[in-house]
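Below, chain A is the first sequence line, B the second, and so on; all start at residue 1.
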6 protein chains.
Amino acid sequence: MRILVVNPNTTGSMTAQIGACARAATSSPGITVDAVNPAHGPASIESHRDEVLAALGVIEEVEAGEAAGYDGYVIACFGDPGLLAAREIATGPVVGIAEAAMRTAAYLGRSFSVVTTLARTVGHAHDLTHLYGVAAQCAGIHACEIPVLDLETDPTARDRILQACKEALATDGSDAIVLGCAGMADLCAELSTTLGVPVVDGVAAATAEVEKLVRLGLRTGKTGEFATPPTKEIR
Amino acid sequence: MRILVVNPNTTGSMTAQIGACARAATSSPGITVDAVNPAHGPASIESHRDEVLAALGVIEEVEAGEAAGYDGYVIACFGDPGLLAAREIATGPVVGIAEAAMRTAAYLGRSFSVVTTLARTVGHAHDLTHLYGVAAQCAGIHACEIPVLDLETDPTARDRILQACKEALATDGSDAIVLGCAGMADLCAELSTTLGVPVVDGVAAATAEVEKLVRLGLRTGKTGEFATPPTKEIR
Amino acid sequence: MRILVVNPNTTGSMTAQIGACARAATSSPGITVDAVNPAHGPASIESHRDEVLAALGVIEEVEAGEAAGYDGYVIACFGDPGLLAAREIATGPVVGIAEAAMRTAAYLGRSFSVVTTLARTVGHAHDLTHLYGVAAQCAGIHACEIPVLDLETDPTARDRILQACKEALATDGSDAIVLGCAGMADLCAELSTTLGVPVVDGVAAATAEVEKLVRLGLRTGKTGEFATPPTKEIR
Amino acid sequence: MRILVVNPNTTGSMTAQIGACARAATSSPGITVDAVNPAHGPASIESHRDEVLAALGVIEEVEAGEAAGYDGYVIACFGDPGLLAAREIATGPVVGIAEAAMRTAAYLGRSFSVVTTLARTVGHAHDLTHLYGVAAQCAGIHACEIPVLDLETDPTARDRILQACKEALATDGSDAIVLGCAGMADLCAELSTTLGVPVVDGVAAATAEVEKLVRLGLRTGKTGEFATPPTKEIR
Amino acid sequence: MRILVVNPNTTGSMTAQIGACARAATSSPGITVDAVNPAHGPASIESHRDEVLAALGVIEEVEAGEAAGYDGYVIACFGDPGLLAAREIATGPVVGIAEAAMRTAAYLGRSFSVVTTLARTVGHAHDLTHLYGVAAQCAGIHACEIPVLDLETDPTARDRILQACKEALATDGSDAIVLGCAGMADLCAELSTTLGVPVVDGVAAATAEVEKLVRLGLRTGKTGEFATPPTKEIR
Amino acid sequence: MRILVVNPNTTGSMTAQIGACARAATSSPGITVDAVNPAHGPASIESHRDEVLAALGVIEEVEAGEAAGYDGYVIACFGDPGLLAAREIATGPVVGIAEAAMRTAAYLGRSFSVVTTLARTVGHAHDLTHLYGVAAQCAGIHACEIPVLDLETDPTARDRILQACKEALATDGSDAIVLGCAGMADLCAELSTTLGVPVVDGVAAATAEVEKLVRLGLRTGKTGEFATPPTKEIR
């Protein structure tokens with residue numbers, strides 16, 4: 001089984017970390033997990049404009065993945081840019097880390113809180129909760145106001161995220177935390193231990209979900225909205 | 001007042017027709033309405049992939065529009081591609097034809113029916129009804145299975161759309177019709193006369209809405225989600 | 001084009017101010033805007049009982065307006081009393097200031113906050129957000145506890161409304177303010193400047209919306225619920 | 001205990017029949033049930049305009065009822081005109097027949113179907129299902145297109161209503177029928193026997209509910225929205 | 001008329017108190033109200049596990065009640081355990097105290113607050129508000145963290161519940177209080193007097209509702225989901 | 001890793017088949033999957049009463065599973081009886097086949113159709129779609145009116161289920177099928193091939209989900225509603 005994990009931004013160090021987290025989520029070393037990012041596009045995704053630019057890169061990577069014969073795909077940015085388009089293009093299943101994280105958290109209790117990066121992205125995450133049917137389970141979306149790329153470099157990031165998680169749990173009375181950025185994936189285990197609640201990282205959740213779907217022989221339904229898109233002139 | 005109407009696809013003949021419909025919707029010849037389309041992108045928009053590609057073009061045109069000092073923008077494709085990104089970028093108001101058509105129809109009765117092109121686009125239109133708060137007013141979304149570009153050339157298109165409108169009204173018991181494609185704009189008056197119900201074309205509705213917003217001094221709120229996006233490295 | 005603006009309460013000074021605000025919202029001095037109020041009914045509308053009494057007056061004014069041949073109507077009280085009945089009676093479009101203000105604000109961002117007069121009217125405004133499909137966009141409804149008629153005379157009113165707007169924006173994290181009373185129309189521009197967010201006055205929004213609908217040839221659908229009501233014996 | 005049943009229309013023969021049905025729903029002949037109708041207003045209620053006119057009459061009757069010291073009130077028209085205003089005015093509980101019929105039916109299974117008079121009233125009934133929280137329980141609202149006053153005189157009315165009930169049950173798969181007009185109250189027992197499902201008449205349901213509320217000492221909460229309305233100049 | 005009130009827990013003293021409150025809610029001493037509890041099961045119901053165990057006992061008591069010919073049933077625990085199963089089994093109506101309390105409170109204003117025992121039961125109560133269609137009316141569910149059985153013995157219980165009610169009203173801005181435990185039934189009148197708002201006890205509300213339904217000849221619809229369950233081998 | 005699959009009914013042959021399907025869904029033979037059923041309870045689950053009886057058995061099996069040290073649990077009946085109680089009791093994750101099947105199907109397109117056994121169970125399945133946040137994704141629930149135990153013995157069952165799936169897809173326009181009974185698990189692959197759409201069996205989906213959760217170290221949050229239930233006297 002070969003899974004392609006697409007980091008929609010163009011920051012290679014983040015792609016490498018995402019790949020490592022994804023590989024750790026599979027059931028066996030026999031499953032190949034490749035992590036890539038687009039050649040062009042924003043270094044991080046923190047606005048609706050960034051989402052649009054990144055979605056284009058996701059499409060290109062999934063099209064390349066189809067040529068290379070991957071069995072399934074992960075879109076590794078919490079905004080899930082290009083998810084529906086990728087479902088049209090790919091033969092195998094495609095899972096975004098926001099949908100996987102939030103649907104996975106729904107198995108762990110009544111409600112979860114999302115802790116994410118910038119407040120300006122909260123609206124988009126809110127839209128996703130409705131799109132994925134987890135609006136009732138999502139007790140709150142909380143920004144820690146750390147830009148995505150600072151997650152790797154800011155020495156205070158870890159503490160501020162921990163603090164945001166504590167405040168989210170206290171405010172929302174929720175049962176679990178969902179990490180709202182692929183760049184937080186490496187903090188998952190430590191946060192869970194410290195907080196005493198389940199903490200869901202979307203990179204792991206989505207990769208394991210793709211493995212699950214491929215193993216069960218489940219692919220996107222192709223009889224309607226997600227049929228291969230009509231070929232047409234692209235100027 | 002100068003309004004820029006962006007046709008998100010790259011078919012120039014459609015841009016010309018959209019521009020004419022938009023100009024006819026303003027209150028005065030003193031209002032300048034320019035219609036443009038992206039240099040690159042799909043010739044028509046009929047899939048999630050097309051939406052992503054078109055959204056990129058919309059962003060580029062709105063950025064060019066800002067440099068040229070337009071007061072407001074219309075996004076003239078029923079999927080409203082790039083709408084939220086354009087709101088971040090533009091200083092003045094930005095209105096999509098789907099949101100304008102559906103919100104305008106909401107003033108005309110309890111419910112409306114959408115008549116659109118391909119069935120595979122119905123899901124996206126359905127998502128928009130929820131995003132815009134018109135899900136309860138939208139009694140149904142009906143596809144006539146005419147590809148966008150055939151609207152200009154297929155001699156049966158007019159009759160098939162009329163038939164689809166009649167069936168929609170009968171099935172849904174709705175008070176009005178919303179045309180679900182910018183390419184249907186020129187049919188609006190004739191359909192309304194034949195059907196005996198209000199028929200809303202989004203190109204006219206959105207252009208008149210932008211004029212209204214600009215005249216009232218209303219612009220996108222810029223204190224949060226729609227603040228100018230952070231400048232960052234775009235590879 | 002002739003637009004009739006109906007102030008549902010019987011306070012003539014308020015009718016005059018509403019008329020001035022409505023006229024300022026049209027695109028051309030060639031559009032006639034007449035403002036009237038019922039001969040009978042409450043001096044202000046601050047309860048469900050007042051809504052019922054005022055709705056009767058609205059019906060009478062719209063019936064008179066039909067006899068006089070108006071092209072469209074504005075109902076200029078934030079409770080939109082008699083709106084659905086007026087849609088049955090009128091040939092042209094009818095727009096309430098609550099629906100126009102809130103739907104207009106929906107174009108300006110993700111969410112808006114309503115600032116209104118008495119807390120006892122908040123429930124009715126809440127019902128309207130559901131009726132109009134803007135419940136998800138309305139982040140909060142805030143009362144400043146100034147009775148309607150005191151808006152004209154209380155020297156502290158302006159400051160208290162400004163303060164209520166500031167608190168609403170801080171509490172709700174919203175992108176815009178909707179003024180929840182026709183009597184606040186004259187404060188709109190000043191509040192917007194001071195607050196740095198768009199502020200929507202329903203009188204202007206509804207008048208401009210009626211102009212837009214009439215110009216586009218759009219009227220209430222008359223094939224079902226909003227057909228002319230059956231004539232019957234009224235004792 | 002004294003209960004006032006207000007028929008919002010001005011047709012005395014209907015008031016008499018409603019009074020009889022209401023009396024039959026109480027637990028004891030010791031409970032006084034008086035049925036009245038306004039002196040002025042429409043002979044039947046079949047449009048939004050009729051609702052407004054009737055609501056005025058309801059207010060006047062409830063104000064008179066307060067002067068006469070009634071313990072509770074029934075509003076006996078399926079549109080529940082003036083209900084919220086009556087709750088402000090009355091000291092005791094006020095119950096509309098639509099809300100009582102639909103909430104009562106909710107105890108009898110998963111879903112119910114409403115069978116009502118004219119199709120043009122279906123939209124208003126639909127709004128009430130949302131207002132009362134029974135939208136999920138209401139499986140359908142079906143019109144038999146018999147005007148209200150014809151219920152008393154049209155010899156085919158009984159059969160057409162029965163037929164509409166049968167079709168509603170078959171279409172909706174519901175567990176019960178709600179009669180959507182006070183003028184159908186006398187058909188309730190016979191329909192239930194013939195159909196083999198519970199049939200709820202709002203006049204009986206509302207009267208028994210008012211008796212229940214008064215017996216339990218429950219009245220409208222008066223600390224907020226439903227406090228006695230402010231006295232003010234009524235021109 | 002004979003009504004069986006089933007206390008789903010196995011604490012006899014609580015059954016006795018519930019029986020007394022239920023009897024006080026009927027219209028006449030001629031109505032027989034018997035209160036029972038299961039022979040087996042939890043002494044109080046404060047978890048999902050308790051709900052399951054108690055539901056079994058409710059079924060057994062209702063089956064016994066059918067053999068004894070009761071006309072209707074009350075399930076006297078705020079979680080309404082076994083309610084849908086009991087509706088299948090019983091010929092007459094079955095009403096839970098949570099559904100009766102919340103639907104009754106809906107007649108008394110726009111919104112109510114629930115005051116209940118342990119915070120861990122709030123999620124289940126929240127689910128019930130959706131099941132019963134009162135989610136929009138329920139402004140909040142507040143726990144006072146008093147275990148059910150301590151209601152009878154803890155001398156501070158009364159004051160802590162009063163305090164929780166006050167805080168609920170202030171936080172929620174609601175019109176009424178719903179008591180979220182059968183063990184609070186005896187506090188109802190006193191709380192209402194002290195708080196100045198209607199306070200609804202589900203035991204009284206449900207008993208009076210069953211009396212109402214039986215008097216009106218209304219029973220659970222038996223043509224679908226609530227038909228008598230198929231007899232089958234129970235190991 | 002050891003997973004316990006609980007068949008909530010008492011039919012051993014069905015337990016055996018469920019166990020085989022569950023084992024086939026794991027990633028490795030090194031994962032132990034044990035399938036059990038309660039000693040007492042209904043032979044099949046086709047009513048609310050059956051649900052209650054079966055939930056008791058589920059609790060007992062999960063309690064025994066905890067003593068035996070299982071890492072996670074599957075509840076293998078489409079009604080998910082006792083799911084929330086099992087989450088309180090178990091240390092590891094607990095997944096029901098209805099929730100797993102429906103959430104898994106949500107990754108495969110916009111919507112799915114459920115094909116289940118008896119029409120009388122459709123209401124409960126409908127409630128589950130709301131509880132799990134998949135109501136918008138569930139396009140329809142269709143009964144083929146085959147009793148659960150006849151699935152094993154009725155030679156026409158396979159064809160009738162196939163036919164029901166075809167009709168469901170045509171009626172609902174959905175992208176995938178969800179099998180609404182554990183007893184259909186063995187038909188999954190064949191149906192998917194014949195129908196040309198993804199078909200989701202909950203036994204496989206839930207087992208793979210439990211494996212995924214255990215592998216990722218994710219367990220039910222235990223700080224609130226799902227904390228271990230208080231020990232108490234059980235008579």
Best-contacting candidate, [options], against chain C by heavy atom pairs under 4.5 angstrom:
{"options": "H40(D), R49(D), H124(D), E51(D)", "value": "R49(D)"}
{"options": "D50(D), L53(D), T10(D)", "value": "T10(D)"}
{"options": "P229(D), P230(D), A227(D)", "value": "P229(D)"}
{"options": "G224(D), G57(D), P81(D), P42(D)", "value": "P42(D)"}
{"options": "R120(D), H130(D), R87(D)", "value": "R120(D)"}

key: Separation of L118(C) CG from E225(D) CD (nearest 0.5 Å)   = 12.0 Å
inquiry  = Return the OG to CG distance between S47(D) and L84(C), rounded to the nearest 0.5 Å.
reply    = 11.0 Å
query = Is a donor on one side and an acceptor on the other found under 3.5 Å between the side chain of K232(D) and the backbone of A43(C)?
reply = no
ask   = Are the side chain of E88(D) and the backbone of H48(C) linked by a donor-acceptor contact shorter than 3.5 Å?
value = yes
key: R219(C), CZ atom: more than 12 neighbouring heavy atoms under 6.0 Å   = no
Please state whether the side chain, the backbone, both or neither of [X] comes within less than 4.5 Å of a heavy atom of chain D.
{"X": "E60(C)", "result": "neither"}
{"X": "T223(C)", "result": "neither"}
{"X": "L83(C)", "result": "neither"}
{"X": "A119(C)", "result": "neither"}
{"X": "T121(C)", "result": "neither"}

ask   = Looking at A39(C), P147(C), A86(C), which one has more heavy-atom pairs under 4.5 Å with chain D than the rest?
value = A39(C)
ask   = What heavy-atom pair brings V52(C) and L56(D) nearest, and what distance separates the two atoms?
value = CG1-N, 3.6 Å
